[in-house]
Student: 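Below you'll find the structure I mean.
In listed order, ligands and their atoms are each counted from 1.
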Amino acid sequence: MTQEARQRIEQLRKELNHHNKLYYTDAAPEISDQRYDELMSDLAALERQHPEYQSPDSPTHRVGGEILEGFQTKDHAVPMLSIDNTYDKEELTAWHQRVISGLGVESDDLFGDVTFEYVAEPKIDGVAISLRYEDGILVQALTRGNGQQGDDITANAKTVRNIPLKLDGNPPAVLEVRGEVYMPHSSFQAINEQREAENLQLFANPRNATAGTLKQKDPKAVAKRNLRCFVHGRGVIEPNTWDTYFDFMQAIKNEFGLPVNDNVKKFDKLDDVWQFIEDFDAKRKDLSYDTDGIVVKVNNLEAQESLGSTTKAPRWCIAYKYPAEQVQTKLLDITWQVGKGGTVTPVAELESVFVAGTTVRRATLHNMDEINRKDIRKGDRVVVEKAGEIIPQVVSVVMEAREGDPPVTEAPAACPSCDGPVIREEGEAALRCNNPQCPAQVREKLIWFAGRGQMDIDGLGEKVVHQLADVDLLKSFGDVYKLKEHANQILTLERFGKTKLDNLLDGIEQSKQRGLARVLGSLGIRHLGAKAARIIAQHFGDIDEIAKASVEELQDFLVSGQKSGIGPQIAQSLHQFVNSEAGKQIIADLKASGVNLTEDKVQQPTDSPFLGKTVVITGSFADYDRKALTEQLQNLGAKVTSSVSKKTTLVIAGEAAGSKLSKANELGIEVWDEAKLTQTLQELTE
Ligand code: IVH
């Protein structure tokens, strides 16, 4: 039976690796996603039944395992340097001159009999990674870090689908390659859409999104982000059998199955390299990922070695960076947009213009500081580019084109929606309308409230919210649950038939049962995200308990013996909300409509032996700092006090403990020495 299981496991791994490669490297899948998932879950089940056959190269690692505590810092076997940049043909030629004089050859020799070649390839705009294979198995993945040491992100790297967990063919015993992890445009857009829905800050560009993703401690979450990798360099290689970089790249691609970009090209004239740079500029705009230049490398590995490196960058390679595509257009107007939290953001309304693949009519102006710094005024000719090739922004004003002396742009004195005061809080760049009744804010809040992940109200999308707000049927959260009283009026609205109305009322009815955690997370309370809302709801269980709690009580509670993680900003903001007139009204309205404002309390697990104990620490310890130990025990649910009394339940006594230990013995209180403490703490982490 076990023999059979082992064979089946091996067969499944082989099959999954094969289909993975067909899908992600060759873009020619042979089976459906569903079938792939089935094979994967079959394998995972077998591996659970037979842990003795677990293996670091099993495709099950692709979906991510346990949550990590943090990343270990590890040394790079060979430092990960950066590259010098050039921005035009002259600078590139100057580098070429340095190369040939560094190699001690006359430039005339170069392209004659002496074989001297360059390799040019796209510079991928991603995050550097070092992948170490031992006997063909991926054993370690490190970030660049400071170049000497990086973070061990092996578990996360294994979820990147085109990074092989096991190499094909006969790779050297140690093969360390360097590459770039990146996020394809489609994934970037999908992730930002989702983040917008969750009220999370958007990633500015795919590179930032990649960096943020690789730092996640939950490999399962990384697996969902759909990252990819291209290999573009060498670390330690033992034994090395290649003479040139180009041959090495061919081998790792064709023999070992590592992902190498299709545009790695070999040249024997600098002019041809330049031609490639120019041609590729047009091509790169159609790629599904960001490139920001071309890297040119000396092909011969001995020549590379003899040129060597400065402390910062190798002398044998150089990057040519493309300028970001910029266009000019007219700034027709500056409008101000009110968000659901009341921030008032300036938006450039532009004469439509085509840039980096799409037509752009609006661009963010960020905030007043940016407007002042760039001196942007209505009517100006402005330069527009896409940050990270995606988000349009105004870079600068074409001052020569300014006509006359148009008025300097001022922050709006009043909210464009409610006409109330607009203020700028200290230390913040953003302007804010603090009127909770502000119509624009209320609409944004209602759209958020009804949205996916919040109250999830079917039939109450953005358009319908506007439609109902236009006729004054929606002015507060409570109004949502009174809509059925206005059924006849709603039926008179454009595109509203009986089915659509029924669907809406049905959706509203169902949303009443989402529970307190969702409700709290849907109200747009500043700083309170879905996660904190859930933690608080599960602890207090009922909105009335939350309303009674002090700021301290809203943050100082334990979850599984650990601090709640709720910070003072969240606690304060929530406290303020539930005690404000507006907040009280909202809660009363929702309650009156039958919205469930309770949540099942999560029972504290009885895991920690310190839970509920009153502990005194005395004496000195070989392996513990008193303050750190106190905090650790508090996190595990202990109340740590300084003097021994009848209420004390445990005394932890180190060396040379004095009167406190005697008193504990007198009172018959349990006493642990350092060894017992260490043993208990160790058992907890096992
Ligand atoms: S070669 C010693 N090739 O760009 C460094 N790097 O800005 C040799 N990069 O640290 C690296 N695409 O992470 C090389 N085709 C490519 C690249 C590339 C992107 C990254 C790399 C490097 C950074 C420098």
Student: I need the nearest protein heavy-atom contact for atom 5 (C) of ligand 1: residue, atom name and distance, please.
Tutor: Leu81 O, 3.7 Å
Student: What part of Glu180, side chain from CB on, backbone N/CA/C/O, both or neither, has a heavy atom under 4.0 Å from ligand 1?
Tutor: side chain
Student: Answer with yes or no whether the side chains of Glu180 and Tyr289 bring together a donor and an acceptor at under 3.5 Å.
Tutor: no
Student: Considering only the protein, which heavy-atom contact is closest to atom 1 (S) of ligand 1, and what is its distance?
Tutor: Lys297 NZ, 3.2 Å
Student: List the atom of Ile277, the atom of Tyr322, and the distance in Å for their closest heavy-atom pair.
Tutor: O-OH, 2.6 Å
Student: At a 4.0 Å threshold, what atoms of ligand 1 neighbour a non-hydrogen atom of Pro314?
Tutor: 2 (C)
Student: At a 4.0 Å threshold, what atoms of ligand 1 neighbour a non-hydrogen atom of Lys123?
Tutor: 4 (O), 7 (O), 12 (N), 19 (C), 23 (C), 24 (C)
Student: Does NZ or CZ of Arg234 come closer than 6.0 Å to the centre of the six-membered ring of Phe248, within 45° of the ring's axis?
Tutor: yes
Student: For atom 11 (C) of ligand 1, what is the closest protein heavy atom, and at what distance to 0.1 Å?
Tutor: Ile83 CD1, 3.8 Å
Student: Minimum distance, heavy atoms only, to atom 16 (C) of ligand 1: which one of Lys312, Lys321, His232 is it?
Tutor: His232
Student: Counting non-hydrogen protein atoms only, what is the nearest one to atom 12 (N) of ligand 1? Give residue, atom name and distance.
Tutor: Ile124 N, 3.0 Å
Student: Taking 4.0 angstrom as the limit, do Asp286 and Lys283 come out as a salt bridge?
Tutor: no
Student: Determine whether the side chains of Trp95 and Glu91 contain a donor N or O and an acceptor N or O closer than 3.5 Å.
Tutor: no
Student: If you count the non-hydrogen atoms of other residues, nucleotides and ligands that lie under 6.0 Å from NZ in Lys330, is the total more than 12?
Tutor: no
Student: Between ligand 1 and Arg178, can you find any atom pair, the residue atom being a heavy atom, that is separated by under 4.0 Å?
Tutor: no
Student: Under 4.0 Å from ligand 1, counting heavy atoms only, is it the side chain of Pro122, its backbone, both or neither?
Tutor: backbone
Student: Verify, without hydrogens or angle tests, whether Thr345 (side chain) and His366 (backbone) share a donor-acceptor contact under 3.5 angstrom.
Tutor: no
Student: How far is atom 15 (N) of ligand 1 from its nearest protein heavy atom, and which residue and atom is that?
Tutor: Glu121 OE2, 2.7 Å
Student: First locate atom SG of Cys229, then atom CD1 of Ile163, and finally report the distance between them rounded to the nearest 0.5 Å.
Tutor: 4.0 Å
Student: Quick check on contacts: which atoms of ligand 1 are under 4.0 angstrom from a heavy atom of Arg144?
Tutor: 10 (O)
